[in-house]
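Inspection log for the structure reproduced underneath, given as structure tokens.
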Amino acid sequence: MKFAFLIHPITSDTQSLFQIDDGGQFRKLWKQASVLEISDYLQSWFAATSNPNRGPGQVRVIDEFTDLYSVNGTVTEGRLYEIPMTATEIKDDPNTAIAHIQRAIEMAQEWGAKIVGLGSMTGVVGGQGAYVAERTSLAVTTGNSLTVYAALENLREACRQLEMDPSQETVAVIGVPGSIASAVARMLAPSVRELILVARQDNLRGRKLAESLDAELLTDIPAAAARAQIIISATSTGACINQADLRRGAVVLDVGVPADVRGRSLERNDVLVISAGLTGVPATMSRDSHVLGFYFGVIPGCLGETINLALEERCENYSLGRDLEPARIREIGQIARRNGFDFSHILSFGQPVADATWANVMKVHAQRRFRASRGPAGHHANGTNGTVHPRATAASERIQSLLRQDRTRLPEIDELATRAETRFARYINPVLAGLGREAGIGATFVRGEGCYLWDEKGRKYLDFVAGFGSVNLGHNHPRVVAAVQEALTRQAPGFIPSGINPYTAALAEKLVSLTPEGLEMVFYCNSGTEAVEAALKLARLASGRPGFLSCDGSYHGKTFGSLSVTSNISYQKPFSPLLPGCESVPYGNAAALREALATRRYGAFIVEPVQGEGGMHLPPADYLQAAERLCRESKTLFIVDEVQTGFGRTGSLFASTAANVRPDLMCLAKSLGGGMMPIGAMLCRGELWREAYGSINTFALHTSTFGGGSLACVAGLAAVNTLVEEDLARNASERGKQLLEGLLQIQADVPEYIREVRGQGLMMGVELTPLTPIVAKHLKRADLMGLLQYLGNSLDDITRNLPAIFQMQMLLKYHGIYAQMTRSHPLVLRVQPPLTITEQQADAFLAAFRKTCTAGQRVENMFDAIISHAIAGDHSKPGRGEAVACNGASSVIP
Ligand code: PMP
């Protein structure tokens, strides 16, 4: 069924709905794809509408929408008719406007439209469409019902994000007795604390409405704004609300056309002004329609209503007159939802709300909630005067009773998951989130069990990252969960700095018993980098030498000390100067080490048994032993960083034990927490500890409040016991062999694509071949993955590394495997599953990886072939199915 939709030119009083740049030029009124097509027209439109002396215009068709598919497959088409009068002109001369409207309807009827939607001011004159409807055989709608529905849904969404409860708030509805404002007021009245209606004058209709809703009627907008925390405004006059009059934290839903809130943009960062009454169009439409889909994929509710009625073939009048029926409002809302329209977009002055504004408004609301919970003058809202600290038994009873309640005490996971990406991008790392989204490698995981992760849609993924080695036991290992739960039930003390904690002490003994001979003392912290910091500080005191020696390509963490020995220029340079006296030697080169240590400048040499983040590099077999010997000879302390190699990862409990070396200091973290708790530890020889900290003046020189917290140590004890008792190191060794063999076979099949496969146990990496410079250059130009905006100067690096991104994307998307690259060497794909991985799971990975590598190789060959043909200016390009030789390999262009 065809539809027509009537609009009028947008003048400066409505332009805030759309994005206009500083020069007043039109930038992106419509979806990007159609900008060129209609920009000329829009330019002249603007010129015409801003000329006050222009003569009487004609109704005209300004665009045509074809193939508007709903998500259910129903389809409609429509035309957009322009009335040659601005909003103000329509209001001032409604008779002429109605004549134009009738003319437009005649044109629509001739074209074959069955329903006509009256947009903006065309729906206000003539008794909200009633007059027009009486004079035509077409079905007529003002679209106001969906506008009301959308405004209420926009409010619901804003409240959800700000954790606002309308039943606790004063709400003002501006614009009664207009049809939209009256309907909004009626539908909101039962669920708000206090309702204020604002009319232009004190009239009978307004008073009656206020009385029936038990609301107050005002005629003064600043007075209403001073009291209301939520304002919904739908006047036809426009520009009636001053931003300066709003309360802190106010949320304004501006449904007015022209806009009711004055200004071209949000001028305050403690209020939210929402361009309300808009609806998001389904992806099935925005992609193919040629004008439909305003910027950000949002259209006015009135257009949405017309489209939805046409999609449903409902050739009937809708939303006419002053009194909109709540049942019909809900009905059209449900129809729109079924067809794939959505109402979660929050725009302000036609733009997404700036992240900083969100953050600030959220803060204002958090403060309001906090004040409300305190009640008056420091008294707790529960009336206990803030004096009673519940006794332990009372507390545990309360926990038990909370646990017995059906209602979950955490926010629902669905709720958390839907907002997660936005929150992550807004508050944590917009670049990472953007990269993940654009490159198809981002995922929100809501659950983990064993070797699997689940995303918010319930899709299951094999985890081949294992938290960079922190999840050796798999996610939520039952023994770790049980131990932590038991500790909670026992009410183990949280943190007791300077007190003696039995769990902390027990884990220390356990760690000392399992680590190489000589390590006797334990310092607790919360991460790998802190364990390294602790080792460096202690080594400096115990050795009396300030410098440190590390290896090229090492990774020991990113705090200042650890960063000073993390020999990676791109991480170090932005923060220089770092610790003085830190130097590095090539990894695995004993001769270079001998030479450097002979200078006796270094207090310690720090080394990883396998360089994880550097790209999963193994040193020669006797390197660690040589390093130990050279350190002893030069009286340099020998620090082994087993943060990632520790706890079974390389096929033995510690790589140092397997290499038969005895470090002076050892750094642990990651899987010490059983995949659940953050905990790190630095172990050292007794005499070194005594040298550095063994006196009344020195014993507290290096401390950490959280270090050795009960729950972390309980998880640590359970994790270590499980690793030993279940002999997970052996499984790591066996599965490691299986994976290594399988990967080498894959490499043999795509030798151009995989440069090297290497690793030990389940600490393995696949180094991919970088793109050839010519392919990289062309890909960069095409920016196929939309990465340009996130990468800036690093585009060259990332383009070279695209094969790894491509693998991560394909594994995630098509094979349900979560993979990542190593931090300092992004062409190396980590093969690092939990140590509990089964033979079948390892085979599943190999089968998937074989496919993704073959696909990767094929795509690159294709690019190579196409580009070389283009460069050679060869017009006899290979046809489908023809074999072409490229990169030394033969492939087929599909
Ligand atoms: N040392 C090594 C060997 C590591 O692999 C890492 C982390 N990947 C660290 C130290 C730093 O650990 P964290 O990220 O917990 O600070």
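Atoms within a ligand are numbered from 1 in the order they appear, just like the ligands themselves.
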Nearest non-hydrogen protein atom, [atom]:
atom: atom 16 (O) of ligand 1; answer: Thr529 N, 2.9 Å
atom: atom 7 (C) of ligand 1; answer: Lys670 NZ, 2.9 Å
atom: atom 1 (N) of ligand 1; answer: Asp641 OD2, 2.7 Å
atom: atom 12 (O) of ligand 1; answer: Gly528 CA, 3.3 Å

Between [X] and ligand 1, find which residue part has any heavy-atom pair under 4.0 Å and reply side chain, backbone, both or neither.
X: Glu530; answer: neither
X: Phe468; answer: neither
X: His556; answer: backbone

(message) Counting the benzene-type ring for Trp, do Phe605 and Phe548 have ring centres under 6.0 Å apart?
(response)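 Centroid separation for Phe605 and Phe548: 6.0 Å or greater.
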(message) Are His702 and Phe523 an aromatic pair, judged by ring center distance below 6.0 Å?
(response)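 Centroid distance Phe523-His702: below 6.0 Å, so yes.
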(message) Check Arg830 with Glu613, please: is the shortest side-chain N to carboxylate O separation under 4.0 Å?
(response)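 Yes.
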(request) State plainly whether the residues Arg730 and Glu734 are in salt-bridge range, i.e. N to O under 4.0 Å. (result)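 Counted as a salt bridge, because a side-chain N and a carboxylate O are separated by less than 4.0 Å.
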(message) Between ligand 1 and Gln644, is the shortest N or O to N or O distance under 3.5 Å?
(response)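 Yes; at least one N/O pair falls below 3.5 Å.
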(request) Kindly indicate whether atom 14 (O) of ligand 1 is approached by any protein heavy atom to under 4.0 angstrom. (result)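 Under 4.0 Å from atom 14 (O) of ligand 1, zero protein heavy atoms found.
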(message) For Leu835, run the side-chain contact (heavy atoms from CB on, under 4.5 Å) check against Asn731, Asp727, Leu723, Leu473 and tell me which one passes.
(response)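 Single pass found, and it is Leu723.
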(request) Specify whether Phe845 and Phe849 have parallel, tilted or perpendicular ring planes, treating 30° as the upper limit for parallel and 60° as the lower limit for perpendicular. (result)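 Because their plane-to-plane angle is under 30°, the rings of Phe845 and Phe849 count as parallel.
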(request) Take the angle between the ring planes of Phe560 and Phe575 and call it parallel below 30°, perpendicular above 60°, tilted in between. (result)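 It falls in the perpendicular class, over 60°.
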Which atoms of ligand 1 sit under 4.0 Å from any heavy atom of [X]?
X: Val643; answer: 1 (N), 2 (C), 4 (C), 6 (C), 9 (C), 10 (C)
X: Ser527; answer: 15 (O), 16 (O)
X: Glu613; answer: 8 (N)

(message) Taking ring-ring contact (aromatic ring centres under 6.0 Å, His included) as the criterion, tell me which of Tyr452, Tyr818, Trp454 meets it with Phe445.
(response)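 The option that passes is Tyr818.
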